[in-house]
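First comes the structure, then the notes that go with it.
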Amino acid sequence: MQKAALAIIFISVIINTASMVYGTMLVGTAIDKYIMVFDFDGLARFCFMLAAVYSVSALTSWLQTRFSVILSNKAIQQIRHDLFDKLGGLSIRYFDSKPHGELMSRLTNDVDNIWQALNQSIVQLISSGLSIIMTLIAMFIISPLLTLIALLIVPSGIVITKIVAKHSKKHFAAQQKILGELNATIEETISGQKVVKIFGRERIIIKNFAEKNENLRSVGIKAQFLSSIIWPAMNSLNNIGFALVAFIGGGLILSGNTTLTIGKISNMLIYSKQLSRPINEMANLFSSLQSAIAGAERVFEVMEEKPEPLDGKPITQIKGKVEFKNVTFGYNAEAQVLKNVTITAEPGSTIALVGPTGAGKTTIVNLLTRFYDVDEGSILIDGNDIRTLDRNTLRKNLGMVLQDTYLFSSSIRENIRYGRPDATDEEVEQAAIHANVHKFIAHFPNGYDTILSDGGEGISQGQRQLISIARAILASPSILILDEATSNIDTRTEKNIQQALLKLMEGRTSFVIAHRLSTIRDANEILVINDGQIIEKGNHDAIYNKKGFYYNLYNGHRVRD
Ligand SMILES: Nc1ncnc2c1ncn2[C@@H]1O[C@H](COP(=O)(O)OP(=O)(O)O)[C@@H](O)[C@H]1O
Ligand SMILES: [Mg+2]
């Protein structure tokens, strides 16, 4: 299909260009053969002929546009698909290190620019190149001397185009970059609008935005201004060429040159005009190609990013023994966040992680899920180093309930079903019942089909939390991670959540990071983490009686976080 379309485009471009050149040739012939000798019949026949040639030209021009539109849209669909596909395989490390709006800009604006270029520029480039060649051949046949004169202007045109392209390229690249930053600002402002409003930052944000916007304007003008010089400059050059051909051609005839005729001179004039059109077009194409190239570079940067390898051995059913052996890790080379951490969790046990903010609790979770990999030491599940396991199946066996639940803009049912798309409606409801959220869902007029807008903006934090617990219950992982799952929740809802969590933890190896002690008192082992190290461990009574770090945290009533 694509090959056929390409073939049609190429054939159309060739026929189209040839018919344009031939049509002009006919005009010159008509001047000499019919007009100069007053042959009206011949002229009429010639008009039909010319109409036929130009019809062919119109038809092929339509064909080439039509099929290049089909092809370019197909190609851009593929690029979008590959890019989105790529995103799915990238590591959390990558997403953590890039502003999201900037990344989104690559998938939207940059792809659009490539699309524009594919859509018009490339076929036009071929067609322009071909018409230049064919026109030149026709001109050479008529008069090599006049052709050379017409061509005198071409090198200067090429030089101008080159200089301008070189300078405008960096402005186009800057333009795409600033556009990405602008989009990052927009995305952050929309997602963080509550924070923006509460802290009264609207003014400052608008000011910052205005600065970036202004930056974009000035870079945009520079980029486009430079390329806008090309057109008038080329046009003037071409007019000079036109005048030279007319002047010298006319002069040659007047001085008795017999190989030239009025028809031939008029052909040369039309050709030299026609020659300027594709040259101008190619010059103009530079601006759209430049921004497409800038976009393509940004798109390929993402494409070339190394994905998380997915080549480990798959695990089907895991019992849930988790061991950290002398794990050392830092997000970057400068700072170690975890130092020589050793943890052993028996299947079905509950391990609590407590400690001040920034101690490294969430980091432990990030390593277990392989969002990041350890620098030294190893993490084992059922005795297998997790680096030897397939990431997908590893994560399928892990369940997470976080402080910031993420719900998607779809129905409650689909949100609960997220981790197990094949679950039946009954199973979804059963999970919701276990999570103490069924009654609340049933109160909505649309029940489970209620659409959550914007990550669940319309319902309370506690209710969102319960839905995410139902989601974890349904997915039924062997290992469970609760990172601050009960933070920011009122005491009544907390009881509900507490119950739901206990239900969820039944029979699973659970890592609980909590800042309310009631959640962790019953844990099999409590690990007190400070500054990336485990400083105390044991059950509640044992480490409480040590009267150390944990004792102080406990008597501060809460494990502060
Ligand atoms: N993506 C990241 N990149 C760089 N440093 C990070 C990242 N996430 C956390 N850190 C740093 O690692 C340390 C431990 O963080 P974290 O494990 O989130 O602490 P906790 O969950 O105990 O509050 C902190 O100093 C934090 O600044
Ligand atoms: Mg944390």
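None of these values were measured; they are calculated from a predicted model. Counting convention: from 1, in listed order, for ligands and their atoms alike.
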Self-check item: Side chain, backbone, both or neither: the part of Y372 lying under 4.0 Å from ligand 1 by heavy atom
Solution: side chain
Practice problem: Consider ligand 1: state whether an atom of it lies below 4.0 angstrom from any non-hydrogen atom of G355. | Solution: no
Quiz item: Can a donor-acceptor pair be found between the side chains of D390 and T393 at a distance below 3.5 Å?
Solution: yes
Quiz prompt | salt_bridge(D373, R391) N-O dist < 4.0 Å | solution = yes
Self-check item: Per-atom contacts of ligand 1 with V337, taking only distances under 4.0 Å to non-hydrogen atoms
Solution: 12 (O), 13 (C), 14 (C)
Quiz prompt | Partners meeting ring-ring contact (aromatic ring centres under 6.0 Å, His included) with H438 (sequence neighbours left out) | solution = Y448
Practice problem: Ignoring hydrogens and angles, state whether a donor on the side chain of R370 or S91 is under 3.5 Å from an acceptor on the partner side chain. | Solution: no
Practice problem: Evaluate whether atom NZ of K212 has more than 12 neighbouring non-hydrogen atoms of other residues, nucleotides or ligands under 6.0 angstrom away. | Solution: yes
Quiz prompt | Polar contact flag for G358 and ligand 1 (N/O pairs, less than 3.5 Å) | solution = yes
Practice problem: Identify, by atom number and element, the atoms of ligand 1 in contact range of T363, meaning under 4.0 Å from any of its heavy atoms. | Solution: 14 (C), 15 (O), 16 (P), 17 (O)
Quiz item: Is it true that R93 and E305 have a side-chain N and a carboxylate O under 4.0 angstrom from each other?
Solution: no
Quiz item: Using a heavy-atom cut-off of under 4.0 Å, does the side chain or the backbone of D96 touch ligand 1, or both, or neither?
Solution: side chain
Exercise. Answer yes or no as to whether an N/O/S atom of T363 is found below 2.8 Å from the Mg ion (ligand 2).
Key: no
Quiz item: Looking only at N/O atoms, are N332 and ligand 1 under 3.5 Å apart anywhere?
Solution: no
Practice problem: Report the part of T362 (side chain from C-beta onward, or backbone N, CA, C, O) that has a heavy atom under 4.0 Å from ligand 1; answer both or neither where that applies. | Solution: both
Exercise. Go through the structure and list residues passing side chain to side chain donor-acceptor pair (under 3.5 Å) with Q463, not counting sequence neighbours.
Key: S460
